[in-house]
Amino acid sequence: MKKWIALILAFALCLSLAACGGSDTSGSSSSGESSSAEESQAEAEASVSADVEAELADSEAEAESTDTLTSDVLPEDVIGNTYLYDEVNEAYGFTTTWELTFTSEGEGTMFEPNDLLGDTTYTVSWSYADGLYTVTLVESDNGNMTLSSMFDESYTCDYAVMSDGTFAPANASTGDAASVETTNTGSENADYPAVSYASNSDAQVMDIYLPENATGSDPVIIVVHGGGFKFGDQTMDIIQPVIEAGVANGYVVASVDYRKSDEATFPGALSDVKAAVRYLRANAELYGIDPDQVVIWGESAGAYLSLMTALTPEVESLNGDVTDNLDYSSSVTALVDFYGPVEFYTMDDEYAALGIEGTTYSSDASFESAFVGQAIGEDEEFTYTTWWYTYVDQLPEDYTLCAWIQVGDSDTSVPYTQSQNFAEKLAEVIGSDNVTFGLIEGAEHEDDLFYTDENLAQVFAFLTDALS
């Protein structure tokens, strides 16, 4: 704004000077010189005018870009009504349809559906000022608080509430209220962020962290995040305690991302994780890794990818379309499995046996079916190509593995019997002395109880024995 005002003043000054020149009575200028002066003046005026218009346009665009949404519904008209907001997460590939209900003055509820972690209803407080509703989440019905980035640290957000039955964060774009940057740049805390380990996709990256007292030949933990094979990346909050504990215990830690089910179905993500292992072994000297001491550690869907990587080191078909570093092995020394799905085909039956009816893992709507590439219940033979035991005859003769398998008995996302059955069957293959199974009483899926200092200390004690 200041710039175009200055230009207008400059324009006025030019006109003033031109006027002074026009009143010169010395008679020393020829008619040709007068014409030339008039042309120059016209060009200067046109130039200044164009600059002014450009500055005005920029100023208006800037003003538009900083506008926020405002409500067209007053507080007395929202009470008793429910409003919807589609939070679109392009990076993770899903949409959450939030419901905001104003139950009374200053009080209300918000509902957050989540197929993976379960639905959550929050009680909220709210106030109204200057066209916006300030909403704060007070508590949830299950003790969990949202991970949505639209809330600040106090779980507060300013919303515009609209007469068409929708609401949205005040600073959202009206075209795509919750679109996010999709470029994975990795964690700013990593020593090597967003390292590309394969050449098929931008999703094939890992963040590499070096131990506090690196020796140049340290064991490595490959951390594989969960997210229903559908969303998440290598920077997820839930795996940060593992990364931090790994570095503190003298491990190089590689946190791996992979292609999601909407980009590549089975064995896509598994092929990626196998390639990540091969990359680290191929570049062991660069990152100071002992290639003979490789741990793979996954949670939820990442646990499935981890156990499949650990138990199919020589199954070429599971390398899929990823051909990077095939001269190197994807074998690992130890496996840590936190609450992973294992045998997709039996998940509904296992929940039914636990007294939980009506689950739909076998339908084409489940995360697991999206990963398999078709409904789990559609083709039993095909579904079992995703089960580790299908490939047990292809294990090398000298195969060894130490496995830590842990799950909570209150898991409502994956039957805890999946882990229990896996531990029993794996013990038959590698020996019961090499399998440690733990059932955490009262723990849910992705429960904080898995990531306490005490539990992680037990896991690292297990790894010390396994690697020695």
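We're numbering straight along the sequence, starting at 1.
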How about Phe460 and Trp297: are their ring centres within less than 6.0 Å of each other?
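Yes, ring centres under 6.0 Å apart.
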(request) Indicate, with yes or no, if the rings of Phe338 and Tyr451 have centres closer together than 6.0 Å. (result)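 When the ring centroids of Phe338 and Tyr451 are compared, they turn out to be within the sub-6.0 Å range.
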What's the separation between atom [atom1] in [X] and atom [atom2] in [Y], rounded to the nearest 0.5 Å?
X      : Y      : atom1 : atom2 : value
Thr235 : His225 : OG1   : NE2   : 8.5 Å
Asn144 : Asp119 : CG    : CG    : 11.5 Å
Asp218 : Asn213 : CG    : CG    : 9.0 Å
Leu467 : Asp292 : CG    : CG    : 10.5 Å

Any chance the side chains of [X] and [Y] put a donor and an acceptor closer than 3.5 Å?
X      : Y      : value
Ser306 : Glu299 : no
Thr412 : His445 : no
Gln234 : Asn184 : yes

Side-chain heavy-atom pair [X], [Y] within 4.5 angstrom cut-off:
X      : Y      : value
Val336 : Leu463 : yes
Gln406 : Leu439 : no
Cys402 : Thr333 : no
Tyr197 : Asp272 : yes
Ser187 : Pro193 : no
Met110 : Thr146 : no
Tyr133 : Pro75  : yes
Trp404 : Val435 : no

Under the side-chain hydrogen bond (donor to acceptor under 3.5 Å, both in side chains) test, residues paired with Ser125 that sit two or more places apart:
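Expected list: none.
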_Taking the cut-offs as 6.0 angstrom to the six-membered ring centre and 45 degrees off its axis, would you call Lys425 and Phe422 a cation-pi pair?_
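Because its charged atom misses either the 6.0 Å distance or the 45° angle limit, Lys425 does not stack over Phe422.
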Quick one: does [X]'s side chain have a donor or acceptor within less than 3.5 Å of a partner on [Y]'s backbone?
X      : Y      : result
Tyr351 : Val414 : yes
Lys260 : Gly228 : no
Ser369 : Tyr361 : yes

Quick check on [X]: does its [atom1] atom have over 12 non-hydrogen neighbours (other residues, nucleotides or ligands) under 6.0 Å away?
X      : atom1 : value
Glu105 : CD    : no
Asn81  : CG    : yes
Asp237 : CG    : no

* Scan for side-chain hydrogen bond (donor to acceptor under 3.5 Å, both in side chains) pairs involving residues 427-442, sequence neighbours excluded, and state none if there are none. =>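 The answer is none; no pair qualifies.
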key: Where Ile289 and Leu280 come nearest, the two heavy atoms and their spacing   =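 That would be CD1-CD2, 3.9 Å.
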Run the numbers on Gln204 and Ser201 for side chain to side chain donor-acceptor pair (under 3.5 Å), then give the verdict. CA-CA 6 Å; Gln204 295 167 318; Ser201 168; 5.1 Å; no
Qualifying residue, where the test is ring-ring contact (aromatic ring centres under 6.0 Å, His included) with Phe344 and the options are Trp388, Tyr384, Tyr304 |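 Result: among Trp388, Tyr384, Tyr304, Tyr304 is the only option passing the ring-ring contact (aromatic ring centres under 6.0 Å, His included) with Phe344.
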* **Qualifying residue for ring-ring contact (aromatic ring centres under 6.0 Å, His included) with Phe102, from Trp126, Tyr128, Phe167** =>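 Result for ring-ring contact (aromatic ring centres under 6.0 Å, His included) with Phe102: Trp126.
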- Task: Using the salt bridge (charged side-chain N to carboxylate O under 4.0 Å, His left out) rule, collect all pairs that involve residues 312-332, keeping only residues at least two apart or in two chains.
- Result: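 Listed by first then second residue: Arg259-Asp321.
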### Task
Test Arg278 against Asn319 for side chain to side chain donor-acceptor pair (under 3.5 Å), laying out the working first.
CA-CA 11 Å; Arg278 296 197 303 268; Asn319 291 329; 3.3 Å; yes
When you look at Asp158 and Thr134, which way does the side chain to side chain donor-acceptor pair (under 3.5 Å) test go after all the steps?
-> CA-CA 4 Å; Asp158 290 334; Thr134 300; 2.7 Å; yes
